[in-house]
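For reference, the structure discussed in these notes is given below.
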Amino acid sequence: MELEFIRWLREQLPPHPLLKIGPGDDAAVLRTAGRGDVVVTTDLIADGVDFDLRVHEPRQIGRKALAMNLSDLAAMAARPLAVVVAVNLPRLWGIQLAVELYEGMLPLAEKFNVAIAGGDTNAWDGGLVISVTALGEVTPRGPLVRSGAQPGDRIIVTGNFGGSIHGHHFDFNPRVAEALLLNDRYTLHAGLDCSDGLSLDLSRIAAESKCGAVIDLDRVPIARAARAQAIDDLGLRDTGLRHALGDGEDFELILAVPPKDAEKMLADQPLDGVKLAEIGEFVREPGLWSRRGDTREKLVPRGFEHEF
Ligand SMILES: [Mg+2]
């Protein structure tokens, strides 16, 4: 549904001289007269949808609201500059809740050297809603967008996938430094941060790039938590692959990398404590496939889609 809405919105918006990249990517890119182009992104999370205030700590929620936005800047290979934070507090909680949300955000803001530049705090009779808008700057290497993948490019990912519900969706580290380093040292054709599910987000890169993608099922790095999740669901042990492909909120990078750079990147493993893995390739025919040995099958992209 959200995708259809974005399609509609894109058709309504006239071209604007400032807007290099508009709605539909991980962030927008604005042309400026000054140094580099500016990247803007916003994310809104709400009680009962993205978290449960009866269960989750306000500090965790605050941290997540900021981290999600930093992850979208990472997806554009942009350097974080500043954020503004808008909060609608449930009246019963009072200002203490805002204090705790900020206590969750502040250490992360400091870690990524991002200014909390302002915002708005209101109270209402509904549940907690928190919206963060982040600004970043594009490096001389330019932004990383979703639409540049080419047939033959390798699919490279950071880290592991699946089972984020066991805690990773709160304590993930946005891959900002990783994206900047990779974009600086290697040629990247396209990329995003995996928020909605590996297979779904990969299909989005393919669709934006007007090509297809093949995932090698045996090469997908599966998080330990995904295996645990697989046991919970079925009462028996499986690989957790299903969760790795569709759980979402991994906040890992999915990249389209030309073969030579992919090879070099995998040999270098240049990231501190974060493993890079190749999990397949982009192909000419549009669509998404899974591959195991010589068997190639259509894969239905799965993941989190907002219901309206
Ligand atoms: Mg994103």
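The shown structure was predicted, so the numbers you read here are calculated from the model rather than taken from an experiment.
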Notebook entry, point to check: Can you list every pair that meets salt bridge (charged side-chain N to carboxylate O under 4.0 Å, His left out) and has a residue in residues 254-265, with sequence neighbours left out?
Noted result: Lys264-Asp268
Using the rule that Ile, Leu, Val, Met, Phe, Trp and Tyr join whenever any side-chain heavy atoms are under 4.5 Å apart, tell me whether [X] and [Y] fall into a single cluster.
{"X": "Met76", "Y": "Leu192", "result": "no"}
{"X": "Met265", "Y": "Ile155", "result": "no"}
{"X": "Leu73", "Y": "Met105", "result": "yes"}

State whether the side chain of [X] and the backbone N or O of [Y] hold a donor-acceptor pair below 3.5 Å, judged by distance alone.
{"X": "Arg141", "Y": "Asn183", "answer": "yes"}
{"X": "Arg31", "Y": "Pro17", "answer": "yes"}
{"X": "Ser71", "Y": "Ala67", "answer": "no"}
{"X": "Thr41", "Y": "Asp26", "answer": "yes"}
{"X": "Asp25", "Y": "Ile21", "answer": "no"}
{"X": "Asp201", "Y": "Asp196", "answer": "yes"}
{"X": "Ser147", "Y": "Ser209", "answer": "no"}
{"X": "Ser164", "Y": "Gly248", "answer": "yes"}
{"X": "Arg79", "Y": "Val176", "answer": "no"}
{"X": "Asp250", "Y": "Glu252", "answer": "no"}

Next item on the list: Please indicate whether Asp120 has more than 12 foreign heavy atoms, meaning atoms of other residues, nucleotides or ligands, lying under 6.0 Å from its CG.
Entry: yes
Using a distance-only test with no angle check, is there a side-chain donor-acceptor pair under 3.5 angstrom linking [X] and [Y]?
{"X": "Thr158", "Y": "Glu178", "value": "no"}
{"X": "Lys275", "Y": "Asn160", "value": "no"}
{"X": "Asp247", "Y": "His243", "value": "yes"}

Notebook entry, point to check: Below 4.0 angstrom, N of the basic side chain to O of the carboxylate: do Arg63 and Glu57 qualify?
Noted result: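 No, Arg63 and Glu57 are not salt-bridged.
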Notebook entry, point to check: What pairs with Gln150 under side-chain contact (heavy atoms from CB on, under 4.5 Å), at least two apart in sequence or on another chain?
Noted result: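 Here the qualifying residues are Asp153, His189.
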Check: How far does CG of Leu245 sit from CZ of Phe161, to the nearest 0.5 angstrom?
Finding: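 Output value for this atom pair is 10.0 Å.
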Notebook entry, point to check: Any side-chain heavy atom of Val129 within less than 4.5 Å of one from Asp47?
Noted result: no
Next item on the list: Please state whether the rings of Phe251 and Phe172 are parallel, tilted or perpendicular, taking 30° and 60° as the class boundaries.
Entry: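 Phe251 and Phe172: parallel rings.
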